[in-house]
Amino acid sequence: MLKDLSFEEISKFFEELATKDTGRFQLSRIYGMAKTFLEQREKEEEIEKLIVNDYRSAVNTTIISEDLAVVEVEVRLNKTKEIAFYPVVDNKLIKESRNTFDEALLLGFCKKYNNEKYDSAIFNMLRMDLYMNRTVDES
């Protein structure tokens with residue numbers, strides 16, 4: 001809702017909200033959501049600092065838990081751009097990338113629990129490759 005308002009309209013919205021009976025409650029909820037978003041974004045930025053360099057830039061960061069995240073990365077090599085996914089475990093970048101989010105997530109779990117050799121075996125065992133190119137209508 002607020003994203004559709006101009007700066008002046010946002011100011012007016014909060015002034016009017018403060019005069020309502022439930023205004024303080026609503027203001028505290030908005031503050032809580034903003035604070036949570038800011039904390040989440042700060043965690044994402046910390047993780048993205050591990051990734052970014054001359055030929056890699058972070059596109060999207062998904063925090064799975066306190067000690068596991070997957071970062072979607074744009075890799076630029078020889079004037080081409082490719083998307084890769086890197087797991088981050090215990091705030092340490094795993095130097096192996098995968099082509100899909102699911103594969104990177106499996107690799108992250110395997111690294112987290114010291115089963116480093118099994119990520120591709122699990123991927124194949126679950127036959128996840130069969131579902132990679134399906135659309136929502138097909139399922």
Side-chain angles (χ1 to χ4, degrees):
M1 180 181 131
L2 290 176
K3 67 181 179 181
D4 298 329
L5 301 177
S6 68
F7 185 73
E8 292 80 22
E9 292 171 324
I10 291 172
S11 297
K12 185 179 176 186
F13 170 80
F14 282 108
E15 287 171 8
E16 290 174 1
L17 189 60
T19 63
K20 293 182 180 179
D21 292 338
T22 60
R24 287 186 182 191
F25 174 72
Q26 290 176 336
L27 283 172
S28 67
R29 289 193 62 202
I30 291 170
Y31 174 77
M33 288 187 297
K35 185 177 178 189
T36 301
F37 175 80
L38 183 61
E39 290 169 353
Q40 177 79 9
R41 189 64 202 130
E42 287 172 352
K43 289 177 187 176
E44 291 172 356
E45 286 174 355
E46 275 182 48
I47 292 168
E48 289 170 359
K49 286 179 187 175
L50 300 171
I51 297 284
V52 175
N53 64 21
D54 291 340
Y55 61 92
R56 286 190 308 232
S57 61
V59 175
N60 185 29
T61 301
T62 304
I63 297 176
I64 309 300
S65 65
E66 290 293 318
D67 55 359
L68 179 62
V70 175
V71 183
E72 181 179 355
V73 176
E74 183 179 82
V75 181
R76 295 173 304 280
L77 293 172
N78 299 327
K79 297 182 181 181
T80 62
K81 294 180 183 179
E82 293 182 10
I83 297 294
F85 296 85
Y86 285 87
V88 176
V89 178
D90 293 326
N91 289 324
K92 294 180 186 123
L93 173 65
I94 305 301
K95 301 286 185 181
E96 300 175 44
S97 69
R98 295 293 186 257
N99 292 326
T100 66
F101 177 88
D102 295 337
E103 289 176 290
L105 181 60
L106 280 174
L107 176 61
F109 277 123
C110 289
K111 294 284 186 178
K112 179 179 174 180
Y113 296 110
N114 296 320
N115 293 319
E116 300 170 7
K117 301 174 188 171
Y118 301 117
D119 67 302
S120 58
I122 293 169
F123 185 85
N124 291 333
M125 183 173 59
L126 295 175
R127 296 302 310 224
M128 292 173 78
D129 58 318
L130 296 176
Y131 302 99
M132 299 309 284
N133 295 323
R134 290 178 68 182
T135 63
V136 177
D137 296 335
E138 294 176 8
S139 48

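The salt bridge (charged side-chain N to carboxylate O under 4.0 Å, His left out) search around Glu66 returns Lys43, not counting sequence neighbours. Annotation: salt bridge (charged side-chain N to carboxylate O under 4.0 Å, His left out) contacts of Glu45 (sequence neighbours excluded): Arg41. For the side chain to side chain donor-acceptor pair (under 3.5 Å) test, no residue two or more places apart in sequence or in another chain qualifies with Ser11.
The nearest pair of heavy atoms linking Pro87 to Gly108 is CB-CA, 3.7 Å. Here the shortest heavy-atom pairing between Thr80 and Leu77 reads OG1-O, 2.6 Å.
Atom OH of residue Tyr31 and atom CG of residue Leu38 lie 9.0 Å apart, to the nearest 0.5 angstrom. Of the inter-residue distances, the one linking Glu48 atom CD with Arg56 atom CZ reads 12.5 Å to the nearest 0.5 angstrom. To the nearest 0.5 Å, the span separating CD on Glu46 from CG on Asn91 amounts to 6.5 Å. Distance check, rounded to the nearest 0.5 Å: OG1 of Thr61 to CD1 of Ile64 gives 10.5 Å. Distance check, rounded to the nearest 0.5 Å: CD of Glu96 to NZ of Lys111 gives 4.0 Å. Atom CD of Glu44 and atom CD1 of Ile47 lie 7.5 Å apart (nearest 0.5 Å).
Residue Val71 is grouped with residue Ile63 when hydrophobic side chains (ILVMFWY) are merged at heavy-atom distances under 4.5 angstrom, including chains of intermediate members. In the hydrophobic clustering of ILVMFWY residues, with side-chain heavy atoms under 4.5 Å counting as a link, Phe85 and Phe109 come out together. Leu50 is not connected to Leu105 by any chain of hydrophobic side-chain contacts under 4.5 Å among Ile, Leu, Val, Met, Phe, Trp and Tyr, and they are in different clusters. Residues Leu93 and Val75 share a single hydrophobic cluster, defined by chaining ILVMFWY side chains whose heavy atoms lie under 4.5 Å apart. Under the 4.5 Å side-chain contact rule for hydrophobic residues, Phe14 and Met33 share a cluster.
The shortest side-chain heavy-atom distance between Leu17 and Ile30 falls under the 4.5 Å cut-off. Considering only heavy atoms from C-beta on, Ser57 comes within 4.5 Å of Arg76 through its side chain.
Within 6.0 Å of CD in Glu82 there are 12 or fewer heavy atoms belonging to other residues, nucleotides or ligands. Remark: Asp21 CG is loosely packed, at most 12 non-hydrogen atoms of other residues, nucleotides or ligands lying under 6.0 Å away.
A donor-acceptor contact shorter than 3.5 Å is absent between the side chain of Thr22 and the backbone of Phe25.
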